[in-house]
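Below: one structure, written as structure tokens.
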Amino acid sequence: MDTLPVNIPGFVWAYRFSPDDKTAVRLNNSATVAELTADNCFYWLHLNLVDARVPALLETLDGLTEDAKSALTTHDTHAALTVDEQMLYGTLVDCQRDFAQDTNNLGWLHFAMSDRFIITTRLQPLRSVERARGLIEKNPGKFARPVDLFELLVIEFQRTLIAIVIELTEELNQIEDIVYDNAPRDERRRLAPVRRTVVRLHRHLRTVLALMRRAAAADEDEMPFGFDDVARRLTSRLETVDHDIYALQDRARLLHEEIDSKQSSETNRHLYLLSIMTAFLLPPTLVTGFFGMNTANLPFAVGDYGTEYAFIIIIASIAFAWWLLRRVNIL
């Protein structure tokens, strides 16, 4: 573990790539800005925006336009992609990574890329970025251009989405088994976070796809070398995941409608039973109300069997109500 003091503000890691030697050298924490560049090499510098000195650092780096510097330090929470002066910069969506485990919470990766470098910034650790770094360590000679690193970042984001789709599919399978079971259970509370995650992923993924297509349609003189082919490949990959997420969204919506339907049926059944009980109890209520009136000459007021007669009339009224409900096909 590198325990040297950090010289570059916000430094998370940095790699210097040599396409001729097919090597990728990870720089130490004590590396300076001057060590990033070398003949026929390009670099990847990853920074943490929590450090307030990062904007001042970007002012010292060569090759960054003012718009690219703004894109690297923005706190916007939406995807953006701009091609200008043979540079590509903007914001990509990703999922956050906790110390102990990966999460489905969305995070944002800001980047700027040219033929000589790719610079990325973030506020929280991100899943795709960490896996991309691991792949560089395993196969450093695979990346000959900064655009290859950009493609790797988007591919790892796609793989993150695939993992989330598999996880959410399993969750929906469990909810579906419960919903279509005979035992009535309300799974709306469990379904709500799944639907929220799917909707957010679909919304941001559609934005990234639209931006990728727009960037691929830019003038060739404006885009970095090789980005045209990379954009087509990435668009095809993301469209496949987008179809899966859309299908998941549609399935979650149908499950929600099925839960609402079952809940409505259960409520209607309860109301039906309550209406039947009301129909049965209404005639006895009229009988007891009649005998409870404070008036003279009531029937059965004199004699030893008044209560028995009243009880018989109540039973007869219930039987009459039952017969009437059967006659009109309510029961």
Side-chain angles (χ1 to χ4, degrees), residues 75-81 90-98 101-109 123-124 126-129 131 153-216 231-274:
H75 292 281
D76 291 342
T77 55
H78 59 81
L81 202 62
T91 302
L92 296 176
V93 63
D94 202 347
C95 292
Q96 297 180 23
R97 183 177 181 273
D98 205 346
Q101 61 183 0
D102 294 334
T103 70
N104 293 341
N105 298 326
L106 293 182
W108 305 96
L109 179 68
L123 280 174
Q124 304 90 6
L126 301 175
R127 294 171 60 171
S128 303
V129 177
R131 285 207 300 268
L153 290 172
V154 180
I155 288 175
E156 288 305 317
F157 170 60
Q158 180 221 11
R159 291 172 178 166
T160 298
L161 291 180
I162 292 174
I164 294 176
V165 166
I166 294 174
E167 178 184 339
L168 295 180
T169 299
E170 182 61 28
E171 181 73 10
L172 285 180
N173 289 340
Q174 297 177 9
I175 296 174
E176 194 174 56
D177 291 339
I178 296 173
V179 168
Y180 290 104
D181 194 10
N182 292 329
R185 286 175 56 182
D186 189 0
E187 290 294 309
R188 285 178 293 186
R189 181 173 296 180
R190 185 178 176 186
L191 182 62
V194 177
R195 296 190 69 194
R196 180 171 60 251
T197 301
V198 172
V199 167
R200 293 183 67 191
L201 288 177
H202 182 65
R203 179 173 67 247
H204 291 298
L205 182 56
R206 294 300 299 174
T207 302
V208 172
L209 272 170
L211 292 171
M212 198 73 70
R213 295 191 187 99
R214 189 181 307 166
R232 283 198 295 267
R233 291 196 298 268
L234 293 178
T235 300
S236 178
R237 280 177 169 270
L238 294 178
E239 282 177 345
T240 302
V241 183
D242 182 61
H243 293 157
D244 294 338
I245 293 179
Y246 181 79
L248 207 61
Q249 183 181 12
D250 193 48
R251 184 181 174 191
R253 178 180 57 81
L254 291 176
L255 266 177
H256 188 270
E257 292 177 355
E258 181 65 24
I259 293 173
D260 284 345
S261 177
K262 291 191 70 172
Q263 290 295 318
S264 298
S265 299
E266 189 70 14
T267 301
N268 291 336
R269 189 176 70 86
H270 291 164
L271 291 175
Y272 173 76
L273 293 176
L274 183 60

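Looking at heavy atoms from C-beta onward, Leu234 lies out of side-chain contact with Phe157 at the 4.5 angstrom threshold. Inter-residue side-chain proximity for Leu201 and Leu106 is flagged as met; some heavy-atom pair is nearer than 4.5 Å. Inter-residue side-chain proximity for Leu153 and Val129 is flagged as met; some heavy-atom pair is nearer than 4.5 Å. Looking only at side-chain heavy atoms (C-beta outward), Leu248 and His202 stay at 4.5 Å or farther from each other. Within the 4.5 Å cutoff, side-chain heavy atoms of Gln249 are placed close to those of Val199.
Rounding to the nearest 0.5 angstrom, the gap separating the CD1 atom in Ile155 from the OG atom in Ser128 is 11.0 Å. Within the model, atoms CG of Leu238 and CZ of Arg213 stand 9.0 Å from one another, a figure rounded to the nearest 0.5 Å. With rounding to the nearest 0.5 Å, the separation of CD in Glu167 from CG in Leu172 is 11.0 Å. For the atom pair CZ of Arg253 and CZ of Arg195, the computed distance is 8.0 Å after rounding to the nearest 0.5 Å. A distance of 10.0 Å separates CG of Asp260 from OG1 of Thr267, quoted to the nearest 0.5 Å. Rounding to the nearest 0.5 angstrom, the gap separating the CG atom in Leu254 from the CD atom in Glu258 is 9.0 Å.
The heavy-atom pair separating Val179 from Lys262 by the smallest distance is O-NZ, 2.6 Å. For the residue pair Leu191 and Ala252, the shortest heavy atom distance occurs at CD2-O, 3.8 Å. Considering every non-hydrogen atom in both Leu209 and Thr235, the closest pair reads CD2-O, 3.6 Å. Scanning both residues, Leu109 and Leu126, for their nearest heavy atoms gives CB-CD1, 3.7 Å. For Ala163 against Arg127, the heavy-atom pair with the smallest separation is CB-NH2, 4.2 Å. Summarising the geometry of Val165 relative to Thr169, their closest heavy-atom pair is O-OG1, 2.6 Å, with the distance given to 0.1 Å.
Using modelled atom types, no side-chain atom of Ser236 and backbone atom of Arg232 make a donor-acceptor pair closer than 3.5 Å. Judged by distance alone, with hydrogens and angles left aside, the side-chain atoms of Asp250 form no donor-acceptor pair with the main-chain N or O of Tyr246 at under 3.5 Å. Side-chain N or O atoms of Arg131 include one that pairs as donor or acceptor with a backbone N or O of Glu156 at under 3.5 Å.
In this structure His204 satisfies the ring-ring contact (aromatic ring centres under 6.0 Å, His included) test together with Trp108, sequence neighbours excluded.
In Arg214, the CZ atom is not crowded: 12 or fewer heavy atoms of neighbouring residues, nucleotides or ligands sit closer than 6.0 Å.
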Run the side-chain contact (heavy atoms from CB on, under 4.5 Å) check on Glu170 and Gln174 step by step: do they pass?
CA-CA 6 Å; Glu170 182 61 28; Gln174 297 177 9; 3.6 Å; yes
Full working for salt bridge (Lys or Arg N to Asp or Glu O under 4.0 Å) between Glu171 and Arg190:
CA-CA 9 Å; Glu171 181 73 10; Arg190 185 178 176 186; 2.8 Å; yes
Under the side-chain contact (heavy atoms from CB on, under 4.5 Å) criterion, do His75 and Leu123 qualify, and how do the steps go?
CA-CA 9 Å; His75 292 281; Leu123 280 174; 3.6 Å; yes
When you look at Asn105 and Cys95, which way does the side-chain contact (heavy atoms from CB on, under 4.5 Å) test go after all the steps?
CA-CA 6 Å; Asn105 298 326; Cys95 292; over 6 Å; no
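A salt bridge between Arg206 and Asp242 is present, with a side-chain N of the basic residue lying under 4.0 Å from a carboxylate O of the acidic one.
A side chain to side chain contact (heavy atoms under 4.5 Å, CB included) with Leu168 is found for exactly one of Ile245, Asn173, Thr197, namely Thr197.
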